[in-house]
Amino acid sequence: MANYPWLRIPASAVDQAARELLGWQLTANGVTVRVTEVEAYSGLGQDPASHAHRGVTGRNEVMFGPAGMLYVYQIYGMHFCANVVCGEAGVASAVLLRAGEVVEGLDTARARRPAAKNDRDLAAGPAKLMQVLALDRRANGTSVVDGTGPATLRPPPTPVPAGDIAAGPRVGVTAAHDVPWRFWIAGDPTVSAYRRHTARPRNAK
DNA sequence: TATTCGATCCAT
DNA sequence: TGGATCGAATAC
């Protein structure tokens, strides 16, 4: 089993764990993706953008478990996104896998993403990444570090230099726009396009 | 039990 | 820029 230094990063430093996860390779169902973009979510109760902000619910309970588990949730009734749970058990810190580069199983990946116009768009978004790996809610609560789950995370062949990591506000979140907890590999073409959350019209009073 | 709305993607 | 589409969270 590989060595996973980010497993030991405390939940209070989940942004550090997010940086470390860049460049790691996630393999599932015949496809391998190199992680190029992530977002950190704090479990300390101070992060209004986190699904765990209001405490334990049926959806987010794996976030409160041990590090190395996948927290998979469905969004907009049709897409799935995955987080790697980080930090000590009991604190719901996690890192959202936002985008990646397909480095193995290219043909399989293309077949699973007919809407992709080119190869760098195959996993250029959190739900696209899940589609390429053919993962869904069944992966929720499974481990990516001990080989027991459908997905396995492996160390980068060559580490990402700290100077190559860029940071900015998280995508799509309705709160905490000022927190620069989105990290990506600078200049990588597979990083997803930034788009501010479009607020839906509120009921007029 | 009822209603609201989203850590997105795609075509327009 | 807006529509798809549905389950979890929250309001009642």
Side-chain angles (χ1 to χ4, degrees), chain A residues 11 14-15 17-19 21-22 26 33 35-64 69-87 91-100 102 109-141 144 166-184 189-205:
Chain A
V14 63
D15 54 320
R19 289 171 173 275
L21 280 168
L22 288 173
L26 187 64
V33 163
V35 177
T36 58
E37 180 185 0
V38 295
E39 281 174 6
Y41 288 88
S42 167
L44 297 184
Q46 301 296 97
D47 186 0
S50 169
H51 286 175
H53 181 235
R54 296 169 195 259
V56 187
T57 67
R59 176 175 68 162
N60 68 20
E61 66 171 322
V62 333
M63 294 180 82
F64 291 84
M69 299 287 160
L70 278 185
Y71 161 52
V72 177
Y73 68 94
Q74 189 178 25
I75 186 71
Y76 293 103
M78 59 184 98
H79 301 298
F80 293 95
C81 303
N83 296 246
V84 175
V85 176
C86 291
V91 185
S93 291
V95 173
L96 171 69
L97 304 178
R98 272 207 62 87
V102 176
R110 288 181 184 134
R112 287 174 182 163
R113 291 263 310 123
K117 293 186 181 64
N118 50 59
D119 287 349
R120 61 174 203 268
D121 187 47
L122 285 171
K128 298 175 186 174
L129 188 147
M130 290 295 274
Q131 209 175 322
V132 147
L133 297 173
L135 293 173
D136 58 21
R137 68 171 80 257
R138 289 170 299 181
N140 188 45
V144 291
R170 293 172 291 187
V171 177
V173 300
T174 56
H177 279 266
D178 50 324
V179 181
W181 273 8
R182 170 188 180 223
F183 305 99
W184 65 94
T190 64
V191 169
S192 70
Y194 177 73
R195 192 169 171 187
R196 202 182 76 248
H197 183 265
T198 53
R200 237 190 279 197
R202 296 262 36 185
N203 286 343
K205 213 171 344 170

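So that the names make sense, note that chain A is the first sequence line, chain B the second, and so on, each numbered from 1. Note: hydrogens, waters and symmetry copies are ignored here, and every other heavy atom, side chains too, is used. The structure displayed is predicted, hence computed values, not measured ones.
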(request) Using the criterion of both pairing distances under 3.5 Å for Watson-Crick and G-U wobble pairs, give all stems of 3 or more consecutive pairs involving DNA chain B. (result) B:1-6 with C:6-11, B:8-11 with C:1-4
(message) Test your reading of the model: is there a side-chain donor-acceptor pair from A/Arg182 to the backbone of A/Pro169, 3.5 Å cut-off?
(response) no
(request) Report the distance from atom CZ of A/Arg112 to atom P of B/dC10, rounded to the nearest whole Å. (result) 16 Å
(request) Measure the distance from CD1 on A/Ile75 to C1' on C/dA4 and round it to the nearest whole Å. (result) 13 Å
Nucleotide N/O to protein N/O under 3.5 Å, stretch nucleotides 6-8 of chain C:
none

(request) Verify whether one side chain among A/Arg98 and A/Ser192 offers a donor that lies under 3.5 Å from an acceptor in the other. (result) yes
(message) Measuring only the C1' atom in each nucleotide, how far is C/dG2 from B/dC5? A whole number of Å is fine.
(response) 16 Å
(request) Please indicate yes or no: is the ring centre of A/Tyr41 less than 5.5 Å from the centre of the six-membered base ring of B/dA7, with the two planes inclined by under 30 degrees? (result) yes
(message) Using a 3.5 Å distance criterion without hydrogens, assess whether the side chain of A/Asn140 forms a donor-acceptor pair with backbone atoms of A/Arg137.
(response) no
(message) For A/Arg138, is there any backbone N or O sitting under 3.5 Å from a side-chain donor or acceptor partner on A/Asp136?
(response) yes
(message) I'd like to know if the side chain of A/Glu39 and the backbone of A/Leu97 have a donor-acceptor N/O pair within less than 3.5 Å.
(response) no
(message) Just the rounded figure in Å: distance from P of B/dA7 to CZ of A/Phe183.
(response) 19 Å
(message) For A/Val91, give me all partners under side-chain contact (heavy atoms from CB on, under 4.5 Å), at least two apart in sequence or on another chain.
(response) A/Ala11, A/Leu44, A/Glu88, A/Ser93
(message) Looking at A/Arg54, I'd like to know whether one of its side-chain N or O atoms comes within less than 4.0 Å of OP1 or OP2 on C/dA9.
(response) no
(message) Quick check against the 3.5 Å criterion: does A/Arg113 have a side-chain atom that pairs as donor or acceptor with the backbone of A/Val132?
(response) no
(request) Indicate yes or no for a side-chain donor-acceptor contact from A/Glu37 to the backbone of A/Phe183 under 3.5 Å, with no hydrogens or angles considered. (result) no
(request) Give a yes/no on whether any side-chain N or O of A/Arg113 is located under 4.0 angstrom from OP1 or OP2 of B/dC9. (result) no
(message) In whole Å, I'd like the distance from the OH atom of A/Tyr73 to the P atom of B/dA7.
(response) 6 Å
(request) May I ask you to check if A/Arg170 and A/Tyr41 form a cation-pi contact, with NZ or CZ under 6.0 angstrom from the six-membered ring centre and within 45° of the axis? (result) yes
(request) Establish, with yes or no, whether the OP1 or OP2 oxygen of B/dA7 is under 4.0 angstrom from a side-chain nitrogen or oxygen of A/His51. (result) yes
(request) Round to the nearest Å and state the distance from A/Glu37 atom CD to B/dA7 atom P. (result) 16 Å
(request) In whole angstrom, give the distance that lies between atom CD of A/Glu39 and atom C1' of B/dA7. (result) 6 Å
(request) To the nearest Å, give me how far apart CG (A/Asp15) and P (B/dA7) are. (result) 20 Å
(request) Please measure how far the C1' atom in C/dT10 lies from the corresponding atom in B/dT8, and state the result in whole Å. (result) 22 Å
(request) May I ask you to verify if any side-chain N or O of A/Lys117 is less than 4.0 angstrom from the OP1 or OP2 atom of B/dC10? (result) no
(request) Ignoring hydrogens and angles, tell me if any N or O in the side chain of A/Asp15 forms a donor-acceptor pair with the backbone of A/Trp181 under 3.5 Å. (result) no
(message) How many whole angstroms separate atom CZ of A/Phe80 from atom P of C/dA4?
(response) 20 Å
